[in-house]
There are 2 protein chains.
Amino acid sequence: MTKTRTASFQAIKTEILGKIKNGYWNPGDIIPGEESLAESYGCSRVTVNRALRELAEEGFVERRRKSGTRVSLNTSRDARVQIPIVREEIENKGATYRYELILNEEVVAPTDVCRKMNLQKGVKALHIKCLHLADEVPYQFEDRWINLDHVPAARETDFSEVSPNEWLVRKEPFSEAEHTFSAMLADEETANMLEIEKGDALFVVERRTWREKNSITSVKLSFPGASYKMTTRG
Amino acid sequence: MTKTRTASFQAIKTEILGKIKNGYWNPGDIIPGEESLAESYGCSRVTVNRALRELAEEGFVERRRKSGTRVSLNTSRDARVQIPIVREEIENKGATYRYELILNEEVVAPTDVCRKMNLQKGVKALHIKCLHLADEVPYQFEDRWINLDHVPAARETDFSEVSPNEWLVRKEPFSEAEHTFSAMLADEETANMLEIEKGDALFVVERRTWREKNSITSVKLSFPGASYKMTTRG
DNA sequence: GAGTGGTCTAGACCACCTG
DNA sequence: AGGTGGTCTAGACCACTCA
């Protein structure tokens, strides 16, 4: 109603969010349609549309054609996590980055890897293990499988120079990624690699990426738990 | 050029992303202006604008007035993490949720908590410990501090019935939050609470929230590492 | 079938940044 | 000072979904 002079989708977003916050509209309620809101805010429908679209992206409302826009029931919130490139992450801390290739072989993928990457049984894939160091201190142990069907170029790449992480980012950008975070105890191999004790805490990130529904890679990144923190704002 | 019949910002996004992926435009390169792209795609500038705006949000390009749009140098990407409400998380798995209050006292906050919550030394705050169970199995141990200066109502709330998590969400659902994920070994108290062994792996989420720059709460959530996974798509 | 959101257009003005 | 992105408008058509 109060037509803010600097009328904008931003102001409308804030106003609508305010009405959700203070209980004017409750979870599950349907809020007025775009047209009606546009009229009451004295702006065009496109502007209201953008405000609502962004609120929907941020999870505050849910929209459906015909039935309209309603305040989300689900109170959970999205937060953004930055998934950095290891090298950049280390260098941003002012440390010197070093990379060490441990293993690079084309072998038949074990069944759990086949499942994760939608591979047929018995198909060969590229298995790579490597270590990322910050100022010569082990920082991250990487255990990766690459789908050679979709990334054949990986076969002829010299991963002793470039880390598969960076190479893939540059050559094979992904469209979809799935990350799983968990905590576990270090097994012997990982402990040796990271120069910690077997049974120490590990922060583990498992990442699977796809390009147009084609599986590209599946990787397990292990960090010494005490040292790794990932921060996000939400 | 090839005006896709279903011409759309989406198609333009894909096309531009393709040119970034296949190296037609490299990181750091400036890509043509909106007007020029609009002309070559045979669409309006607003449509190109939306495509580029979303690519910028997703981190593929960076935009600045006057200087234009360039392909991002920083290859890191944002992913979205869902931070669920414990009860919903458990119930969504089909398990029965139960909540148990362990501790609820108003005490002088230790220095590390003061620092985290911007409290003056010697100020009292509400300290709550509680346990969330799924089908009677300990699922999450919560160790929380609430700032009574900004949330005085917490003093008179009966947290044996409502978990502080849900109570706060209902009272102040839209505060700013910061999350830190890490892995650590269970200390004795946490191990007892979660019915695991001391030294087992824990997945730890620390969350701090604010309302208008006023610190509300600081909480440490511990999960048995092997059982907790947090998934994200990006 | 009808109502709502999803998107597009053409033209316009503004705000910011850089040279 | 001028170029580029940021946003707004009015009107239009489409697509999905619910009754």
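Naming: A, B, ... by sequence-line order, numbering from 1 per chain. Worth saying up front: this structure is predicted, and the values here are computed from it rather than measured. FYI, side chains are in, hydrogens and waters are out, and symmetry mates aren't considered; it's all heavy atoms of this structure.
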> Taking for each residue the nucleotide of DNA chain D with the nearest heavy atom, is it B:G68 or B:V46 whose nucleotide lies nearer the 5' end?
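Going by which nucleotide is closer to the 5' end, it is B:G68.
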> Are the charged groups of A:K220 and A:E142 less than 4.0 angstrom apart, N to O?
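Between A:E142 and A:K220 there is no salt bridge, as every charged N stays at least 4.0 Å from the carboxylate O atoms.
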> Could B:E34 and B:R63 be called an ion pair, given the rule that one side-chain N must be under 4.0 Å from one carboxylate O?
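Between B:R63 and B:E34 there is a salt bridge, with a charged N closer than 4.0 Å to a carboxylate O.
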> Quick one: is D:dG5 close enough that its OP1 or OP2 comes under 4.0 Å of any side-chain N or O from B:N49?
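Checking B:N49 against D:dG5: no side-chain N or O falls below 4.0 Å of OP1 or OP2.
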> To the nearest angstrom, how far is A:F9 atom CZ from D:dC8 atom P?
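Taking atom P of D:dC8 as the reference, CZ of A:F9 is at 6 Å.
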> Distance check needed: D:dC8 P versus B:R50 CZ, whole Å only.
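Rounding to the nearest Å, CZ of B:R50 and P of D:dC8 are 14 Å apart.
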> Given atom CG of B:L37 and atom P of D:dG5, what is their separation to the nearest angstrom?
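Computing the B:L37:CG to D:dG5:P distance gives 8 Å.
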> If you check the B:T47 side chain, which of D:dT17, C:dT9, C:dC16 turns out closest?
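For B:T47, the side-chain atoms sit closest to C:dT9.
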> Can you see if the side chain of A:T69 gets near the phosphate of C:dG5 - specifically, an N or O under 4.0 Å from OP1 or OP2?
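So the side chain of A:T69 is within the cut-off, an N or O lying under 4.0 Å from OP1 or OP2 of C:dG5.
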> To the nearest angstrom, how far is A:E34 atom CD from D:dC14 atom C1'?
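Those two atoms, CD and C1', are 14 Å apart.
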> Nearest to the B:R45 side chain among C:dC13, C:dC8, C:dC17, which nucleotide is it?
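Looking only at heavy atoms from C-beta outward on B:R45, the closest nucleotide is C:dC13.
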> On DNA chain C, nearest-nucleotide positions of B:S44 versus A:G33: which is more 5'?
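This one resolves to A:G33.
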> Determine the interplanar angle of the B:W167 and B:F159 rings, folded into 0 to 90°, and report it as parallel if under 30°, tilted if 30 to 60°, perpendicular if over 60°.
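Because their plane-to-plane angle is over 60°, the rings of B:W167 and B:F159 count as perpendicular.
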> In terms of side-chain heavy atoms of A:R65, which of C:dT18, C:dT7, C:dG6 is nearest?
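Nearest listed nucleotide: C:dG6.
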> I need the CD1-P distance between B:I12 and C:dT9, as an integer number of Å.
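So the CD1-P distance, B:I12 to C:dT9, works out to 7 Å.
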> Rounding to a whole Å, what distance do you find between A:K13:NZ and D:dT7:C1'?
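The distance from NZ of A:K13 to C1' of D:dT7 comes to 14 Å, rounded to the nearest Å.
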> So B:Y139 and B:K93, do their side chains get closer than 4.5 Å, heavy atoms only?
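Answer yes - side chains close enough.
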> Can you confirm whether A:R155 is buried at CZ, in the sense that more than 12 heavy atoms of other residues, nucleotides or ligands lie under 6.0 Å from that atom?
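Counting other residues, nucleotides and ligands, CZ of A:R155 exceeds 12 neighbours.
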> Just how far, in rounded Å, is C1' of C:dG5 from CZ of A:R53?
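Taking atom C1' of C:dG5 as the reference, CZ of A:R53 is at 11 Å.
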> Expressed in angstrom and rounded to an integer, what is the separation of A:R64 atom CZ from C:dT4 atom P?
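Checked: the CZ to P distance equals 15 Å.
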